[in-house]
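Here is the structure we will look at, set down as structure tokens.
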Amino acid sequence: MRAAVVGGGIAGLSAAWELACLGAEVTVFEPGRPGGKLLTTDFLGRPVDEGPDALLARVPEGVGLCRELGLGDRLVAPAASRALLWSGGRLRPLPEGLVLGAPARLLPLARSGIVSVPGLLRALGDLVLPHRPVQDDASVFDLVAGRFGPEVADKLIEPLVGSIYAGTTRGLSAATVAPQLLRAAGQGRSLLLALRSSGRAAPGPARPGPRTPAARTPGTGEAAFQGLLTGLGSLPSTLVDRLVGDKGARLVGEAVNALEVSGTGVDVVTGAGRTWFDVAVAAVPAPGAAQLLGSVVPGEQGLRHLAATRFSSVAIVTLAFAQGTWDLPADLSGLLVAPGSDMLMTACSFGTNKWPHWSAPGTTVVRVSVGKLGDERWADMDDEVLAGRCCAELGAVLPPGPLRSGIDRHLAPVPLPGGTRVSRWPSALPQYAVGHLSAMSGLREALARTAPMVAVAGASFGRVGVPANIAAGREAARTVHAHATRA
Ligand SMILES: Cc1cc2nc3c(=O)[nH]c(=O)nc-3n(C[C@H](O)[C@H](O)[C@H](O)COP(=O)(O)OP(=O)(O)OC[C@H]3O[C@@H](n4cnc5c(N)ncnc54)[C@H](O)[C@@H]3O)c2cc1C
């Protein structure tokens, strides 16, 4: 069986691996560097991730693929997991008892000082307000604000969930990004009581930034996240080596312009011509995916949904400082920034605490996330200006260590020589609109009905996150393989 995979991100490479393991002759079309958002490069002599750095262990396909490829002994749990919130002009601990940012307990929330007294009184309303029927989907903001009031939604959900997508929870689909909250909201009158009785302490988002208090998988006690000592970028590079070296797969450095059903198979159309395959998996981001599939399922509503999907652009600014610049207790993994500040920084990871293997002796590494939907001020700044701005914001926010004690906070700390790296990720994170999952299952049904030799996988077609997209890639591969074997 001749199989084409379009897109060499983690979804496409996982599809290619599954197809190759099933015995197919695989060609991967990828015009850029294989790996997509997964990239690890040298930073002051250490392998430091430029994009994703952690796999959600609850979705087993991530760590499972690492073990299958012989990377199991490089898996490493984060050494720190406690996060702070920059809110109302100061750093505050995140209250205990949050489930994806929504409170399952009100006392810790009251003590945290994050929400005002009127905001807390409104949150109490959740216990007495009548039950509202829950729709199949709603925006995360509406779902939470409807029970706890807008202040809880703005000050907790927006930084904890919105920051994962560098977007706003006002537009994000709860069914896609917070299914636990949607399920709990449907369970009874009070969302708080449903969250508490579900006993689920924050299973955690798919794209990890700084952690909420629960960094263990409930029920197993295992670390909720895993990284790789050689960086997550070593996952796609190992996949490519094994695909090409062991399985004889071909990697073609061309973009695919269209897929066209042809007889029992599919033509893959590139600038260089067309090539026929028995099956194809499309694993490219929207809106390109909509164009790619335009003649496979013409007029399908899911394609319009893909074409209309908005993306946020982000940058990760990695900075190394002399040890002693900051006073960061070892259990702190990072901070999140609540809306309302003028900062570019939306979150910051204390790399040295979280991944000790990132830092050379005597250095402290931090990764600052900037950019979100509607705030692309960073995109017009050159690397030096952007890094300088991040240093200034860190100086204003982080507790100074011995090296900065007595220094005016307006004086930005200076990174070590070679200790600055800017990784730009334009159009990186899909903003899943309400109804996203049902539009995508409609698209998959249309493909199964009219073009079963083609399947789709990747963050634009499902959920964000490396393990989720490994699972989706492998599933898409099994779907087309099963079709071709039956045919
Ligand atoms: C800064 C950042 C940090 C993140 N952190 C985490 C994290 O810690 N943990 C986590 O689980 N997730 C994280 N994520 C999310 C995660 O990286 C993505 O959800 C996942 O990598 C998406 O994989 P993908 O294969 O669907 O897409 P991509 O990685 O975008 O790959 C798509 C590929 O398709 C190729 N392509 C595009 N058009 C064509 C075409 N016409 N023909 C052929 N090829 C084409 C592209 O070149 C690209 O290589 C993060 C994302 C970002 C941006």
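What you are looking at is a predicted structure, and each value in this text was computed from that prediction instead of being measured. Both counts, for ligands and for their atoms, begin at 1 and track the order of listing.
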Would you compute the distance between atom [atom1] of [X] and atom [atom2] of [Y] and round it to the nearest 0.5 angstrom?
| X | Y | atom1 | atom2 | answer |
| --- | --- | --- | --- | --- |
| T420 | F43 | OG1 | CZ | 6.5 Å |
| M453 | L259 | CE | CG | 11.0 Å |
| T176 | M440 | OG1 | CE | 9.5 Å |
| K372 | L429 | NZ | CG | 14.0 Å |
| L229 | H357 | CG | NE2 | 5.0 Å |
| L437 | H305 | CG | NE2 | 8.5 Å |

Before signing off on this row, confirm whether [X] and ligand 1 have an N or O atom pair separated by under 3.5 Å.
| X | result |
| --- | --- |
| K37 | yes |
| V6 | no |
| G465 | yes |
| L55 | no |
| A459 | yes |
| E50 | no |
| V256 | yes |
| V464 | no |

Going by the order shown, which atoms of ligand 1 are within less than 4.0 Å of some heavy atom of [X]?
| X | value |
| --- | --- |
| A428 | 53 (C) |
| G458 | 26 (O) |
| D53 | 7 (C), 8 (O) |
| G7 | 34 (O), 35 (C), 43 (C), 44 (N) |
| G51 | 3 (C) |
| P31 | 43 (C), 44 (N), 45 (C) |
| V466 | 10 (C), 11 (O), 12 (N) |
| E30 | 33 (C), 34 (O), 35 (C), 46 (C), 47 (O), 48 (C), 49 (O) |

Greater than 12 external heavy atoms within 6.0 Å of N257's CG: yes
Looking only at non-hydrogen atoms, find the nearest pair between [X] and [Y] and report the distance.
| X | Y | value |
| --- | --- | --- |
| S139 | R170 | CB-O, 3.3 Å |
| S173 | A433 | CB-O, 3.2 Å |
| D137 | L182 | CA-CD2, 4.3 Å |

When you look for heavy atoms under 4.0 Å from ligand 1, do you find them on the side chain of [X], its backbone, both, or neither?
| X | answer |
| --- | --- |
| P285 | side chain |
| A11 | both |
| L38 | side chain |

Candidate with minimal heavy-atom separation from atom 43 (C) of ligand 1, of F29, F225, Y165: F29
Of the listed options T270, V284, D49, L13, closest to atom 39 (C) of ligand 1 (non-hydrogen atoms): V284
side-chain hydrogen bond (donor to acceptor under 3.5 Å, both in side chains) pairs, two or more places apart, involving residues 67-77: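 Listed by first then second residue: W17-E68, E68-R474, R74-T230.
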Residues S295 and E260: side-chain donor-acceptor under 3.5 angstrom: no
Short side-chain donor-acceptor distance under 3.5 Å, R2 and T275: no
Residue-ligand contact S460/ligand 1, heavy atom below 4.0 Å: no
